[in-house]
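The structure under discussion appears below in the form of structure tokens.
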Amino acid sequence: MKSLQISSFKEYKEKYAQSVENPEEFWSEIASQFRWHKKWDKVLDWDFSKPEIKWFEGAKLNITENCLDRHLEKLANKTAIIWEPNDPDEESRHITYRQLFVKVSHFANVLKNNGIKKGDKVCLYMPMIPELAIAMLACARIGAVHSIVFAGFSSKALASRINDSECKLLITANEVYRGKKPINLKAVCDEALKHAPSIKNVIVYRRTVEPTSMVEGRDTFWFDELQKVDKHCDAEIMDAEDLLFILYTSGSTGKPKGMVHTIGGYMVGSTYTFSNVFQYDKNDIYWCTADIGWITGHSYIIYGPLCAGATTVMFEGVPSYPDYGRFWEIVDKLKVTHFYTAPTAIRALARHPLSLVEKHDLSSLKVLGSVGEPINEEAWHWYNDNIGKTKCPIVDTWWQTETGAMMISPIAGITPTRPTFATLPLPGVQPVLIDEKGNEIPFENAPSEGRLAIKAPWPSIARTIYGNHQRYKDTYFSAFPNMYFTGDGAYRDATGNFRITGRVDDVVIVSGHNLGTAPIENAIDEHEAIVECAVVGFPHDIKGNALYAFVTTYDNIEQPEDELRQEINDLITKTVGAIAKLDKIQFVSGLPKTRSGKIMRRILRKIASNDTSNLGDISTLLNPDIVENIKKSAL
Ligand code: PRX
């Protein structure tokens, strides 16, 4: 939306100042440019001590009218989604705004016909195909709440997410090809459903011609369902603070957290940041390579771009198939102008011959983006030199599942960039650095480093953790009074630019995926030979971080270590999913512990990173001798 866009650095500074001094005025001006059935009574109501955050209270809307209906007047024949299949020989699909509007309305009636009503939870476990976008928007159209589970998660992980939010309906596909390998999604669902009794029906999209096992009375095919209903579906009128979706993210302890996002604020936040950060122009072709199963896909493949009337690319495959030039081939073929990916992908691609880049014409590119983890200097330069040919600004966008939208990021072509820096906060975002004692570090002390917190709410902040408001409060609002704590550390230079240094809790970002170590440890502990274990991250050239497990076994175990390692990783694949596989597993005779019995991960993190020169004071440990033993046999 051009009307939302900042067009100079001077304007950015003015808007930023306005957003801090008068957030209600600032956000109501922006929100006024969306379609509402009724405007809000109050822009913002908040109390971080509860915590309670409400944006646009009293307003009525449907987000799909903003993504679809609103565009029918001027953009009906514009391509909304370009779908690029895994196999380059299969045809792409181009879906216009009008076609998408019809498909969403049609499938919304399928949901209704399956008994789904406003407020019901629907689980989507799907590959990257347009039907995933259609299903999520169809939920939003009738006021149902979608919970999308990344289709690489195991059946156990799927079942626990279904159970946590008591989803009634599951939508999936029979099979999908990613790279050379077929993945049987329906089989994963069948296994999950043995332990997820809330699901009454399963709708299966037939992505391949392979035979699919169907359970009579429970499972039906997508196309058969469409035949039963008509294509017109009025949008359900929703409150701004009604739920739009639940999306699970890893926590440092316990089960994944179902982050709850509500309609009005999320719509305004995701669209405003999309339009500004990328400076999207009406004929641009925008491609975010993330999977819709993550927040990046929710906000920046679907909701932000579609609300802004953009053309958004959805890619089913992987960067390495049929070869490591696939991304660049697609950029060339579709004349992509905006390319948004993760540092882990950049590092992986940078290892392959430049000829794979050079044989494609990348001159359509205008803006490059990065998200998911800190981008290291080398990757930044490779991206800038070889992909952007030094003429495309790189927007290094820092944000989280919890924040719903970008928080700290350059505005393309407007904010001066600095390699490895996410640079400046976007309007409406008030980041602060907190020192060891819990005090705010004044800007005058720059350069400085500390824990990153945010002072006031922004529209797309998650409102709670589904079913566990106390955990929401404890995790984000208890570390520092009256602030949202991000869990990240950051460095700030003298001009106010932020560089995110990484997590300060027990979450490890592996290949851009946010993995809590606790569920992985739980999986390892299930092995009958294992007494206990600790999992930490260590730096890895491609993945950013990889996982290292320190494991103790029972005395009488005679199984060879390599066999045990294999079994442990198999267990993790089964319980958490293949994305959580361990790179290193070290068998140790004990773990370093405090006197209260807490495992000292700080020490293990240093050993795993091969940085043992300064382990700090270990004399207070219950078992200081163990540290030397672990160091000696480190992998
Ligand atoms: O540690 C930060 C890292 O990813 C975390 C959020 O992960 P998730 O909720 O899965 O969302 C990822 C996509 C938004 C953050 O707490 N992170 C994300 N973007 C960046 C980043 N670290 C450094 N630079 C970034 N641009």
Side-chain angles (χ1 to χ4, degrees), residues 46-48 50-55 63 111 116-125 135-136 139-140 142-150 153 156-171 192-193 195-200 238-267 269-270 292-299 302-303 399-405 457 459-478 484-487 507 514-516 518-519 576:
W46 65 291
D47 179 352
F48 272 177
K50 285 185 177 165
E52 190 172 83
I53 304 145
K54 289 182 184 157
W55 282 91
I63 194 169
L111 296 177
I116 300 301
K117 293 185 297 296
K118 179 173 171 172
D120 284 344
K121 320 291 182 302
V122 178
C123 180
L124 276 49
Y125 185 76
M136 68 197 282
C139 288
I142 66 164
V145 179
H146 57 72
S147 166
I148 304 183
V149 178
F150 171 61
F153 275 122
K156 269 199 170 172
L158 173 60
S160 77
R161 284 159 175 77
I162 291 173
N163 292 335
D164 186 69
S165 46
E166 294 177 284
C167 295
K168 273 187 163 175
L169 175 71
L170 174 62
I171 305 175
L193 291 187
H195 312 282
S198 60
I199 295 287
K200 303 293 171 237
M238 306 295 289
D239 287 337
E241 281 297 337
D242 279 338
L243 269 62
L244 176 62
F245 64 84
I246 301 169
L247 182 59
Y248 287 86
T249 187
S250 322
S252 51
T253 53
K255 59 180 187 174
K257 300 170 288 192
M259 303 313 307
V260 169
H261 283 282
T262 57
I263 303 168
Y266 176 80
M267 171 182 78
S270 58
I292 290 177
W294 311 115
I295 190 69
T296 308
H298 281 59
S299 302
I302 302 300
Y303 288 113
W399 58 296
Q400 308 176 300
T401 305
E402 295 85 340
T403 69
S460 60
I461 183 175
R463 303 298 194 260
T464 189
I465 291 175
Y466 189 79
N468 198 343
H469 198 65
Q470 186 61 41
R471 188 174 177 202
Y472 176 67
K473 179 175 176 174
D474 294 345
T475 312
Y476 305 106
F477 300 91
S478 302
Y484 167 85
F485 176 47
T486 65
V507 171
N514 186 332
L515 298 176
V576 189

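Position 1 is the first residue of the sequence; numbering continues from there. If you're wondering where the values come from, they're calculated on a predicted model, not measured in any experiment.
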Checklist entry - Is there a side chain to side chain contact (heavy atoms under 4.5 Å, CB included) between Leu124 and Val149 once you walk through the steps? => result CA-CA 6 Å; Leu124 276 49; Val149 178; over 6 Å; no

With rounding to the nearest 0.5 Å, note down the distance linking [atom1] in [X] to [atom2] in [Y].
X: Met267; Y: Ser299; atom1: CE; atom2: OG; value: 13.5 Å
X: Tyr125; Y: Leu170; atom1: OH; atom2: CG; value: 9.5 Å
X: Leu111; Y: Leu169; atom1: CG; atom2: CG; value: 6.5 Å
X: Ile63; Y: Met136; atom1: CD1; atom2: CE; value: 9.0 Å
X: Ser198; Y: Asp120; atom1: OG; atom2: CG; value: 11.0 Å
X: Thr262; Y: Asp239; atom1: OG1; atom2: CG; value: 10.5 Å

Item to check | NZ/NE/NH1/NH2 to OD/OE distance under 4.0 Å, Glu241 and Arg463 | outcome: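 The answer is yes: the pair qualifies as a salt bridge.
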
Would you say the side chain of [Y] lies within less than 4.5 Å of the side chain of [X], judging by non-hydrogen atoms?
X: Cys167; Y: Val122; value: no
X: Ile465; Y: Met259; value: yes
X: Phe245; Y: Ile263; value: no
X: Phe477; Y: Lys50; value: no
X: Pro51; Y: Lys473; value: yes
X: Tyr466; Y: Ser147; value: no

Between [X] and [Y], what is the shortest heavy-atom contact and its length?
X: His195; Y: Asn163; answer: O-ND2, 2.9 Å
X: Cys123; Y: Leu158; answer: SG-CD1, 3.8 Å
X: Trp399; Y: Ala405; answer: CB-O, 3.2 Å

Item to check | Thr486/Gln400 under side chain to side chain contact (heavy atoms under 4.5 Å, CB included): CA gap, chis, key distance, verdict | outcome: CA-CA 8 Å; Thr486 65; Gln400 308 176 300; 3.9 Å; yes

Checklist entry - How about Lys118: does its NZ atom have over 12 heavy atoms from other parts shown lying under 6.0 Å from it? => result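 For Lys118, atom NZ is crowded (more than 12 foreign heavy atoms under 6.0 Å).
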
Checklist entry - Are there more than 12 heavy atoms of other residues, nucleotides or ligands under 6.0 Å from atom CD of Glu166? => result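 No, the 6.0 Å shell around CD holds no more than 12 heavy atoms from other groups.
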
Item to check | For Asp164, all residues meeting salt bridge (Lys or Arg N to Asp or Glu O under 4.0 Å), sequence neighbours excluded | outcome: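 Applying salt bridge (Lys or Arg N to Asp or Glu O under 4.0 Å) to Asp164 gives Lys255.
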
Next on the checklist: Could you check whether Tyr248 and Ser165, counting side-chain N and O atoms only, form a donor-acceptor pair closer than 3.5 Å?
Outcome noted: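 Yes, a side-chain donor-acceptor pair sits under 3.5 Å.
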
Checklist entry - Between His261 and His146, does a ring-ring contact (aromatic ring centres under 6.0 Å, His included) hold up when you go through it step by step? => result CA-CA 10 Å; His261 283 282; His146 57 72; over 10 Å; no

Item to check | Residue list, ring-ring contact (aromatic ring centres under 6.0 Å, His included) with Phe485, at least two apart or on another chain | outcome: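 Counting only residues at least two positions away or on another chain, Phe485 forms a ring-ring contact (aromatic ring centres under 6.0 Å, His included) with Phe480.
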
Checklist entry - What do the steps show when you test Thr403 against Ile461 for side chain to side chain contact (heavy atoms under 4.5 Å, CB included), and what is the final call? => result CA-CA 5 Å; Thr403 69; Ile461 183 175; over 6 Å; no

Checklist entry - Taking the six-membered ring for Trp, are His469 and Tyr472 parallel (under 30°), tilted (30 to 60°) or perpendicular (over 60°)? => result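 Rings of His469 and Tyr472: tilted, 30 to 60°.
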
Item to check | Plane angle bin for Tyr266 and Tyr303 - parallel if under 30°, tilted between 30 and 60°, otherwise perpendicular | outcome: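 The arrangement is perpendicular - the two ring planes meet at more than 60°.
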
Next on the checklist: Between Lys200 and Pro197 (side chain of the first, backbone of the second, donor and acceptor by atom type, cut-off under 3.5 Å), is there such a pair?
Outcome noted: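 It does hold such a pair.
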
Checklist entry - Testing Leu247, Ile246, Thr249 for side-chain contact (heavy atoms from CB on, under 4.5 Å) with Lys257, which one passes? => result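 Of the listed options, the one satisfying the test is Thr249.
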
Item to check | side chain to side chain contact (heavy atoms under 4.5 Å, CB included) between Lys54 and Trp46, intermediate numbers included | outcome: CA-CA 6 Å; Lys54 289 182 184 157; Trp46 65 291; over 6 Å; no

